[in-house]
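Please read all numbers here as calculations on a predicted model, not as lab measurements. Per chain, numbering begins at 1; letters A, B, ... match sequence-line order.
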Protein chains: 2
Amino acid sequence: MNLKQLSEMLGLSQTTVSRALNGYPEVNEATRERVLQAVQETGYRPNKAAQRLATGKAGSIGLVMPTAPGHYSDVHFGEFLTGLGEEAVRHDFHFVIMPSDPDDEVAALRRLAISGNVDALFVAYMRGHDPRLPLLKSLSMPFLVHGRSFCTEPDYPYLDIDNEGAFYDATRLLLQLGHTRFGLLNGPEHLDFAIRRRNGVVSALGERGLTLPEDCISHMSMTDEHGQFAMERFLQLPERPTAILCSSTVLALGAIRAVTQAGLKLGEDISLIAHDDVLPHLKPENFSVPLTTTRSSLRAAGVRIAQRLIGTVKRDGPFPEQELWKTELIVRASTGAAPR
Amino acid sequence: MNLKQLSEMLGLSQTTVSRALNGYPEVNEATRERVLQAVQETGYRPNKAAQRLATGKAGSIGLVMPTAPGHYSDVHFGEFLTGLGEEAVRHDFHFVIMPSDPDDEVAALRRLAISGNVDALFVAYMRGHDPRLPLLKSLSMPFLVHGRSFCTEPDYPYLDIDNEGAFYDATRLLLQLGHTRFGLLNGPEHLDFAIRRRNGVVSALGERGLTLPEDCISHMSMTDEHGQFAMERFLQLPERPTAILCSSTVLALGAIRAVTQAGLKLGEDISLIAHDDVLPHLKPENFSVPLTTTRSSLRAAGVRIAQRLIGTVKRDGPFPEQELWKTELIVRASTGAAPR
DNA sequence: CCAAAATTCCAAAGCGCTTTGACAACAGAC
DNA sequence: GTCTGTTGTCAAAGCGCTTTGGAATTTTGG
């Protein structure tokens, strides 16, 4: 069933039917009713490809998903996508996901953009000096960045959380509890959020004249296995840290395993604060020792990003170009006074 | 840059350029070279919407993603998608993801199908008597089902794992270890895999004249929180089970927490076997007591499904219509002889 | 009652691509 | 020198939709 058939069926021209469907005013209400009725009955749906060709728009936002045989999927990706979707479904938008080798993301992004398949682009997992940014800026297509890119002038639309502030505050809390030896279990070194979180820690320590030794920093992709491994290394240090900052609850899962297996008690021998993206399957309050966290919902960020992106495409704006969300510091049982 | 401009630039007709690009034989090799050269230089990419309109194909597979404010994202979804993507990227295919309210999935699937945006469809999270199946069959568009639908004649293309066999074997192992009181931590009751796994357990128990009491079965969405909660209930039973079958390592995470908090030892007081989808961030060998599991890689299933789907669209087939993968039973430390 | 304005509808062009059918140009066969 | 067969190219139609400019019809105002 296409427009032509539908209009013939109704004895109207394609123009009129199209207008009736798209809410143009110059069509009789009675006629519009009749058209809508027929659409109901026949189940007619306009062909999106044709619509896109004609209008240049088709209600889709594009993103590239890194994937390769050795490449780990990321729990956070799914959670974020769910947030995007939650908003998209309200506007009848869909996603076009272009899978890409992680080494080829820039090219994949360009292909996606000029494929004419999407109205707007979304990127995340920003790095310092991110090479996708110049591309995006040159593209004359709406885009939105989740996170920021260190060492790049922030003249692009983004939504980010205050990573530096979060880890600064967390470190301060631990300092107040008397801790002096710190360890940082962080995400991959090149990622922007990891850089900023590290800066937050270093800066809070600096105010007290403390430093974060190189061997007390661990950068890794965020799986529980890596968390455990890195924590084991920390624990074997001659002057082992008593306070741990941790970039994800997934990492914390492994780290705590290492603590427990070493016969140490969380919240007493070792204090730990993790960043909580509010993953539904891994709640900090459910850990055997409930976790003190810096919290910011990844999913909520997804919803907001979809809102802004879709709003821009539909020209519902204006939206603020840049948003920086504060995180909440939630104290639970995994933090305690420094052991003496 | 579009075809017309490119062809004018080259002094050729659109036809010739198009043919050169799409590998048709009736074009001079020298001309083809010249065209390819120009494409390199200009970065020309055909407009996918136009291509789709003209050919009816555009290299995309469609899927619907359930999402709603209260709806949990599922870790398994991301992992599976990564597998799909791993194969798709090799064929320059992309995904069109239609977010949908979970109550509206059938309609969303129909919209996606007749939107003319996709070449093939994929569905998962099958239920008994799944209402999407009749729709898919009526659609005359290639599709593939991950899982099966209980109570529906299996006359549709699917890829599934042998859930019943997996849990049958796991139960047998526990029986051999002398266990007689069983508990089942299962996925949502209406889902096909949950039904089959339950059947596997019941059938193995039945052979020994044993039953699975209603209060030793728990159906829930698979988060660690639910796992913990359900396990706590099991442990309070007057005749508490000593052997636990568990539909996911995520559930197991919570269940084990309950076991530990009750002061019981996994592998001694309580034996547990979980199904392992090979999630990279949650490895059974890393649990404080390594987990005995039935294993089948979700990601590998994704790769295979993409292979079949893309192959069908490209007419590379034929592929077997139905595949049933065996799972591996891997014995680790969480299973031991029944306590006396 | 008639001209002007408003309303309702339509024919046709165009979006960027693929594909059909045809046409030159050139070779070799008789 | 004509006839057939290749080879390389092109013009034009068509995919299903939106949108422009204009035509037909109805309503309004003097």
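- Atom CZ of A/Arg32 has more than 12 heavy atoms from other residues, nucleotides or ligands within 6.0 Å.
- Donor-acceptor pairing under 3.5 Å is recorded for the side chains of A/Gln37 and A/Glu41.
- In this structure, the CD atom of B/Gln5 is 13 Å from the C1' atom of C/dC17, given to the nearest Å.
- Side-chain contact between B/Met98 and B/Ser115 is absent, with no heavy-atom pair separated by less than 4.5 Å.
- Taking only side-chain nitrogens and oxygens, A/Tyr24 never comes nearer than 4.0 Å to OP1 or OP2 of C/dC9.
- Remark: B/Glu26 CD is packed, more than 12 non-hydrogen atoms of other residues, nucleotides or ligands lying under 6.0 Å away.
- Remark: A/Ser18 is in phosphate contact with D/dT18, judged by side-chain N or O atoms under 4.0 Å from OP1 or OP2.
- A salt bridge (charged side-chain N to carboxylate O under 4.0 Å, His left out) check over residues 76-89 of chain B, counting only residues at least two apart or in different chains, returns the pairs B/Glu86-B/Arg90, B/Glu86-B/Arg299, B/Glu87-B/Arg90.
- For the pairing with A/His146, the ring pair (Phe, Tyr, Trp, His ring centres under 6.0 Å) check across A/Phe80, A/Phe77, A/Tyr125 returns one residue only, A/Phe80.
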- request: Check the pair B/Asp104 / B/Arg111 against side-chain contact (heavy atoms from CB on, under 4.5 Å), numbers first and verdict last.
  value: CA-CA 11 Å; B/Asp104 194 38; B/Arg111 282 208 307 279; 3.9 Å; yes
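- Following rounding to the nearest Å, A/Lys57 (NZ) and D/dT18 (C1') show an atom-to-atom distance of 14 Å.
- Atom NZ of B/Lys137 has more than 12 heavy atoms from other residues, nucleotides or ligands within 6.0 Å.
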- request: Summarise how protein sits on nucleotides 8-16 of chain D as a single string, 5' to 3': B when a protein heavy atom is under 4.0 Å from the base, S for sugar-phosphate-only contact, - for no contact.
  value: BBBBB-BBB
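- Axis deviation across the helix from C/dC1-D/dG30 to C/dC30-D/dG1 amounts to 50°, comparing end segments of five pairs, rounded to 10 degrees.
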